[in-house]
2 protein chains.
Amino acid sequence: MSAEVAKRPGSMRKKRTNDPQGMRCRVLDVAEDCFQARGYHASSLGDLMAAAGVTGGALHHHFPTKKALALAVIEERVAAAVRQTWIEPVRAAPSAREGVRAVFETLAAALEQQGYVRGCPLNNLAHELSFADPDFRIALADIFAGWRRAIADKVRADQEAGGEGGTDPDRFAALTVAAYSGAMSMAKTAQDAGVLRECLAGLERVEPSPSQNGPPARRRRRVLRQQPIR
Amino acid sequence: MSAEVAKRPGSMRKKRTNDPQGMRCRVLDVAEDCFQARGYHASSLGDLMAAAGVTGGALHHHFPTKKALALAVIEERVAAAVRQTWIEPVRAAPSAREGVRAVFETLAAALEQQGYVRGCPLNNLAHELSFADPDFRIALADIFAGWRRAIADKVRADQEAGGEGGTDPDRFAALTVAAYSGAMSMAKTAQDAGVLRECLAGLERVEPSPSQNGPPARRRRRVLRQQPIR
DNA sequence: CTAAAAACAGGACGATCACCCTGTTTTGGA
DNA sequence: TCCAAAACAGGGTGATCGTCCTGTTTTTAG
């Protein structure tokens, strides 16, 4: 592929500067990228070493096995990606629904101008690794759980602040994460981000809640439509 | 794993009975199972040969390459699984919404008593293969498209029959497929099918449409219940 | 300054893996 | 009946992969 990627400029011959953090980070960068693009099993350590400009010895020093490397990618990079792409924007949004909408639209727009769809980092690895290996599975499940919890907590916060009617927080969170994950799966397979917008449109019509809510409201006033049974 | 799987009883030594269809089917069975459980790249042809009781020559005769085998699994088995699990039940249901609900509940119940969650066959392969290889991608995208089309067509049929208000058929189909795919992804990662029920509950609150909506059953007798369109 | 530990280099090794090739047996049509 | 093609058997091969091992260089602690 691209000839020289890194290798540190190191002016002249000889002399080496140890930079364990930097090297570890470079390996993680390349591994994250390669695992997303080709998958875990289809990425060889030789590819990664070449792409990162790292020798076998160095790689083995920081990550004893390929599995350890992937686990680090999941726990450090994938978890961070979900946090930064989903959790923080939703927390910062004026409401859960608005946050979800903003994330969907931001992502869709980014993918459309990117020209290709690589899929959701979490789901990509989850599908390939979660059933075969318990360690991978648990690490990935934790990320899913944190993602859902963040959305559900936001709904609860909205409710305590007066907004958002009887929406079940956990149910809304599960559906949101599922809809996004599935939409990304389709977008990746079709190489078209349009389905993200379709799913968002559908999501926004979920249980518009008995209280406020602009144009698409009205009705929903019957007698006792939903018992507090939950 | 399990010692002897097949190998044809063949009473005594000598004598062979050619059964190209049967052998092809056995290979496909094993490949489908193995690809779902371990993934494409993690399944070696040696594993498949041993599990199916097939020699290298026979395997190579029916499927020249591993990719050809996977393509056959996708086009014949995965497509059939989606047809049988989703498309036919939804078509046969009294309405799109009821069909979707029935499929979700059937699947959730089956997974719960199965004890483990292997994930959606289509999504499993789509995540691992669709971005890296165009041939795989197109084959998988076609299945997704057929799945969505079947649901959308059912909604349209409901509308022409008088039921189902202003629900956008394509939007509803996209959200349904996405929610199911994503829910299965989470269920597989958490090894818990409960999230399927949560997502179904959320899905059923999508755009209940300006017309009817109440206890989920009853009704459906109106004037022209089901046109002979079939 | 010195010694030990950490960081890195680079090659070797055994184990697969997917594919191919050369035979042998079975089958169906002429 | 005969023969060509299909169906199947089974071993071989080159490539590749993940891991490990032996050195060398840099950093750090005392």
Side-chain angles (χ1 to χ4, degrees), chain A residues 1 6-28 30-31 34-35 38-73 128-129 132-133 135-136, chain B residues 1 6-28 30-31 34-35 38-73 128-129 132-133 135-136:
Chain A
M1 309 302 167
K7 210 78 171 203
R8 337 220 82 233
S11 52
M12 289 241 281
R13 201 63 51 85
K14 285 296 176 88
K15 217 60 186 163
R16 194 185 80 200
T17 26
N18 283 2
D19 179 20
Q21 290 187 151
M23 169 158 287
R24 206 187 109 99
C25 185
R26 257 188 306 151
V27 172
L28 244 26
V30 170
C34 203
F35 288 165
R38 297 178 234 179
Y40 174 76
H41 287 104
S43 302
S44 78
L45 294 183
D47 292 342
L48 301 185
M49 281 162 47
V54 165
T55 64
L59 178 61
H60 182 262
H61 176 73
H62 290 282
F63 307 100
T65 64
K66 188 183 182 184
K67 175 173 171 175
L69 172 58
L71 235 21
V73 167
E128 187 180 358
L129 303 175
D133 189 297
D135 297 320
F136 285 139
Chain B
M1 309 299 167
K7 210 77 171 200
R8 337 220 85 234
S11 50
M12 289 242 280
R13 200 65 48 85
K14 285 291 174 101
K15 216 57 187 163
R16 195 185 81 200
T17 27
N18 283 1
D19 180 18
Q21 290 187 151
M23 170 159 287
R24 205 187 110 98
C25 186
R26 257 189 305 152
V27 172
L28 244 26
V30 170
C34 203
F35 288 164
R38 296 179 235 178
Y40 172 78
H41 286 105
S43 303
S44 77
L45 294 183
D47 293 342
L48 301 185
M49 281 162 46
V54 165
T55 64
L59 178 61
H60 182 261
H61 176 74
H62 290 282
F63 306 100
T65 65
K66 188 182 182 184
K67 175 173 171 176
L69 171 59
L71 235 21
V73 167
E128 187 179 359
L129 302 175
D133 188 299
D135 296 320
F136 285 139

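Keep in mind that what you see is a predicted model, and the values were worked out from it rather than measured. Order of the sequence lines sets the chain letters (A, B, ...), proteins ahead of strands, with each chain counted from 1.
An OP1 or OP2 oxygen of C:dC8 is reached within less than 4.0 angstrom by no side-chain nitrogen or oxygen of A:H61. Applying the 4.0 Å criterion to OP1 and OP2 of C:dC20, one finds that B:H60 has a side-chain N or O inside that range.
Rounded to whole Å, the distance from CG on A:L59 to C1' on D:dC17 is 13 Å. Atom-to-atom, CE of A:M49 to P of D:dC17 comes out at 11 Å; the value is rounded to the nearest Å. B:F63 places its CZ atom 12 Å from the P atom of D:dA7, with the value rounded to the nearest Å. Look at CD on B:Q21: it is 14 Å from P on C:dT27, rounded to the nearest Å. In this structure, B:N18 atom CG and C:dT24 atom P are separated by 17 Å, rounded to whole Å. Atom CZ in A:R24 sits roughly 15 Å away from atom C1' in C:dA6 (whole-Å rounding). In this structure, A:L45 atom CG and D:dC17 atom C1' are separated by 8 Å, rounded to whole Å. Distance A:L48 CG to D:dC17 P: 10 Å, rounded to the nearest Å.
B:M23 contributes atom CE, which lies 6.5 Å from atom OG1 of B:T55 (distance to the nearest 0.5 angstrom).
Both B:H41 and A:A58 lie near DNA chain C, and the one whose nearest nucleotide falls closer to the 5' end is A:A58. Both A:H62 and B:D47 lie near DNA chain C, and the one whose nearest nucleotide falls closer to the 5' end is A:H62. Each of A:S44 and A:P64 was matched to the nucleotide of DNA chain D holding its nearest heavy atom; the match closer to the 5' end belongs to A:S44.
Side-chain contact between B:M49 and B:V30 is absent, with no heavy-atom pair separated by less than 4.5 Å. Counting only heavy atoms from C-beta outward, the side chains of B:H41 and A:Y40 never approach each other to under 4.5 Å. Between B:V27 and B:H62 there is no side-chain heavy-atom pair separated by less than 4.5 Å. Contact check for A:L48 versus A:K66: no side-chain heavy atoms found under the 4.5 Å cut-off.
Looking at the side chain of B:K66, the nearest of the listed nucleotides D:dA7, D:dG18, C:dC19 is C:dC19.
Judged by atom type and distance alone, B:R16 does not reach the base of C:dT26 through any side-chain donor-acceptor pair under 3.5 Å.
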